[in-house]
Amino acid sequence: MTENLTRRSGPSSAQPLTDEDYRITAHNRRFSALYSRNAKAVIARGLRATKSSNWLIMVSGFFEPVLYLISMGVGLGALVGDVVGPGGEPISYAAYIAPALLAVSAMNGAVYDSTWNVFFKMNFAKLYQGMLYTSLGPLDVAIGEIFLALLRGAMYATGFTAVMGMMGLITTPWALLMVPASVLIAFGFASFGMGITSYMKTFQQMDWINFVMLPMFLFSATFYPLSVYPQGIQWFIQALPLWHGVELLRQISVGTFTSATAIHILYYLVMILIGMVLTTSRLRKLFLK
Amino acid sequence: MPNSLTRDYVISARNLTKHYGDFAAVDDISFDVPAGESFGLLGPNGAGKSTTMRMIGGVSQRTSGSLSIMGLDPEQHGPQVRAHLGVVPQQDNLDEELRVRDNLIVYGRYFGLPLSYLKPKADELLEFAQLTEKAKSKVDSLSGGMKRRLTIARSLINEPKILLLDEPTTGLDPQARHILWDRLFRLKESGVTLILTTHYMDEAEQLCDRLVVVDKGKIMAEGSPSQLIREHSTREVLELRFGSERNTTVAAELQGIGDRLEPLPDRVLIYTHDGEAALEQVASRGLHPITSLVRRSSLEDVFLRLTGRSLVD
């Protein structure tokens with residue numbers, strides 16, 4: 001990629017450029033217009049920026065599901081008592097909603113990073129504008145940003161799982177698998193979110209994203225089982241991605257695996273695939289106007 | 001590859017067009033830039049200069065026409081073309097979340113350059129931009145001029161062969177402008193091709209070997225600054241001010257003096273070979289301007305002639 005960048009000692013003491021310096025030959029790799037195999041530079045930039053300025057915002061993201069768990073799980077849970085767990089055994093209300101809250105937090109983090117954050121860096125901070133005037137292609141930027149979102153999601157999931165452990169809500173080592181499963185959920189939402197952001201032009205349109213997310217959070221069997229709904233609504237909820245994430249983590253948290261587990265995982269694998277195809281096809285619209 | 005046609009030019013644009021909806025930001029322009037030339041796009045805001053720059057960088061897709069940068073199409077080989085490009089955008093887009101020196105190093109990493117090269121290079125560029133003491137400062141603590149210099153230093157991190165400068169000195173004080181011009185001269189001496197947009201005629205006259213005057217997405221004229229002045233204006237210009245109310249009414253009484261008359265809201269311009277002689281004729285008609293000035297023609301006059309409007313609205 002940089003084979004022709006002959007190093008000179010500097011602008012002041014440079015050897016004058018010759019015709020030879022101006023000659024380059026084309027690569028014809030697949031995606032060479034969009035990708036320079038350098039997403040790691042975008043990732044390194046993100047880590048450095050986090051270290052120097054916005055680590056406080058990062059920490060605050062960790063507390064959100066923890067606060068929900070304490071207020072709803074412990075507070076409301078005192079009134080509710082035990083409920084029926086995924087395997088039919090009784091579990092505390094806190095243990096019932098904790099994996100759901102983890103799924104919600106994976107969704108929220110990934111959606112925020114791939115929509116609002118991308119929208120802001122694109123249109124206001126002009127960060128991508130600078131990046132895209134280098135050897136980086138839009139696919140490098142997209143891969144780098146999604147990776148950063150997933151890394152952050154993995155850190156939150158690890159922290160939340162540790163809190164669950166400290167609150168005595170973990171009874172099986174299987175529960176540790178909630179961390180990679182959270183990353184899978186985050187990947188599903190992040191890969192889609194960036195593609196959707198490419199259609200957004202204004203802040204008002206961005207607000208529609210919240211309009212979709214909030215009901216999904218409240219009604220995806222997060223706080224009570226799906227069986228309270230009539231059949232038609234159940235089907236509708238089951239078509240939405242968050243329900244699959246909630247059920248997947250809930251099953252993992254108690255180590256109960258059924259054929260439904262495979263369906264939940266498959267749902268996310270398909271979602272990631274479609275999301276990545278969508279995002280890649282929209283990269284020019286998103287980044288190259 | 002279109003190499004055979006465009007070998008002698010590092011940039012070759014043919015019928016380049018960019019539409020936003022119905023609006024033609026760039027309307028069928030063609031130009032060639034040989035290696036090492038300093039080439040300018042002169043025009044008012046909204047003329048399509050920045051859009052042209054963005055298409056050269058491969059970050060904006062053209063609607064039609066062809067474009068070749070060092071023999072490659074920037075839309076097909078964006079990353080590879082941009083490896084040899086340095087870009088100074090119209091608005092500074094420094095990374096506010098990183099410190100001054102890190103801005104250079106991280107930007108260099110985007111080109112895939114190794115740290116062993118970038119660390120000494122960053123220090124050298126900070127020296128070049130006179131920002132060595134600010135290496136560890138936050139970007140938002142820098143003055144406008146410092147940010148501009150840092151943006152320019154950043155554009156040099158990959159030792160570009162083509163440097164795109166979009167309004168490089170807008171918002172800089174006169175001293176900072178002259179420092180910057182000096183730096184650009186040195187780059188030009190080292191063989192770097194400069195592509196510059198500006199709406200300052202003095203900047204275009206100082207820096208450009210050759211330029212195109214653009215307006216409303218079209219090229220109005222092309223040539224060296226002196227050539228353009230010779231072809232589209234007279235040697236001297238007499239500027240007269242009669243007060244804002246009277247300028248246009250007096251214009252009628254000035255008919256016949258000089259080669260051409262240009263009444264503007266704030267002054268009347270008389271294009272002539274001999275400004276002093278024209279001024280005497282004005283006085284002999286019994287007209288007494290509040291102020292009068294004889295000066296040499298500039299690119300501003302060329303632009304006025306070609307478009308009927310001044311450069312800075």
Side-chain angles (χ1 to χ4, degrees), chain A residues 1-19 21-28 31-38 40-42 44-46 48-54 125-141 284-285 287-289, chain B residues 1 7 10 20 35-36 54 57-61 70-73 75-87 89 91-99 102 106-113 117 121 124-125 128 138 154-156 158-159 161-162 164 183 186-187 189-193:
Chain A
M1 163 181 46
T2 54
E3 76 285 358
N4 275 333
L5 284 183
T6 38
R7 304 276 165 267
R8 290 172 284 128
S9 54
S12 44
S13 56
Q15 292 283 315
L17 293 171
T18 61
D19 283 353
D21 292 316
Y22 277 104
R23 218 150 281 159
I24 51 176
T25 43
H27 294 309
N28 283 308
F31 292 125
S32 65
L34 298 174
Y35 183 45
S36 69
R37 300 189 233 191
N38 194 15
K40 65 179 187 295
V42 179
R45 182 266 159 202
R48 204 184 280 234
T50 305
K51 199 173 71 180
S52 70
S53 67
N54 51 12
K126 308 273 178 201
L127 178 71
Y128 300 143
Q129 196 195 60
M131 284 182 173
L132 292 169
Y133 262 133
T134 69
S135 300
L136 293 177
L139 193 55
D140 297 280
V141 177
R284 285 180 191 272
K285 278 277 176 289
F287 293 114
L288 312 176
K289 288 185 176 152
Chain B
M1 284 298 98
R7 176 161 295 149
V10 290
Y20 291 104
R54 289 166 50 77
V59 297
S60 181
Q61 291 184 276
M70 299 168 83
L72 300 185
D73 180 342
E75 260 177 45
Q76 297 307 314
H77 301 279
Q80 221 195 332
V81 165
R82 290 191 298 270
H84 303 281
L85 246 48
V87 178
Q91 285 176 320
D92 293 323
N93 57 358
L94 295 163
D95 198 329
E96 304 266 343
E97 291 177 303
L98 301 177
R99 290 172 192 277
D102 286 347
V106 167
Y107 203 75
R109 296 293 290 161
Y110 297 157
F111 287 99
L113 299 169
Y117 159 78
K121 185 73 189 175
E124 180 195 308
L125 286 172
F128 172 80
K138 290 193 164 179
R154 190 185 67 172
S155 73
L156 299 173
N158 59 329
E159 297 187 339
K161 290 166 188 139
I162 301 171
L164 304 180
R183 297 292 187 268
R186 285 202 236 165
L187 286 169
E189 280 169 359
S190 71
V192 174
T193 306

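Since we're looking at a predicted model, the values are computed, not measured. Here is the naming used below: chain letters follow the sequence lines, and residue numbers restart at 1 for every chain.
Not one N or O on the side chain of B:Tyr110 forms a donor-acceptor pair closer than 3.5 Å with the backbone of A:Gly130.
With sequence neighbours excluded, the residues forming a side-chain hydrogen bond (donor to acceptor under 3.5 Å, both in side chains) with A:Tyr22 are B:Thr193, listed by chain and number. Residues that satisfy the side-chain hydrogen bond (donor to acceptor under 3.5 Å, both in side chains) test with B:Asn93, not counting sequence neighbours, are A:Gln129, B:Arg154.
If you tally non-hydrogen atom pairs under 4.5 Å between each of B:Leu94, B:Asp92, B:Val81, B:Val106 and chain A, the highest count goes to B:Val106. For the options B:Ile162, B:Leu85, B:Asp102, heavy-atom pairs under 4.5 Å to chain A are most numerous at B:Asp102.
In this structure, OG in A:Ser135 is found 8.0 Å from NE2 in B:His84, a value given to the nearest 0.5 Å. Interatomic distance, CG of A:Leu34 versus CD of B:Gln76, reported as 9.5 Å (0.5 Å rounding). Here the CZ-CG distance, from B:Arg82 to A:Leu132, works out to 6.5 Å after rounding to the nearest 0.5 Å. Distance check: A:Lys126 NZ to B:Gln91 CD gives 6.0 Å after rounding to the nearest 0.5 Å. Atoms CZ and CG, from B:Arg109 and A:Asn38 in turn, are 7.0 Å apart once rounded to the nearest 0.5 Å. Annotation: the span from A:Asp21 atom CG to B:Glu159 atom CD amounts to 10.5 Å, rounded to 0.5 Å.
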Residue pair A:Tyr133, B:Arg54: steps toward the side-chain contact (heavy atoms from CB on, under 4.5 Å) verdict = CA-CA 9 Å; A:Tyr133 262 133; B:Arg54 289 166 50 77; 3.2 Å; yes
B:Glu97 and A:Arg48: salt bridge (Lys or Arg N to Asp or Glu O under 4.0 Å), yes or no, with the steps?
-> CA-CA 9 Å; B:Glu97 291 177 303; A:Arg48 204 184 280 234; over 6 Å; no
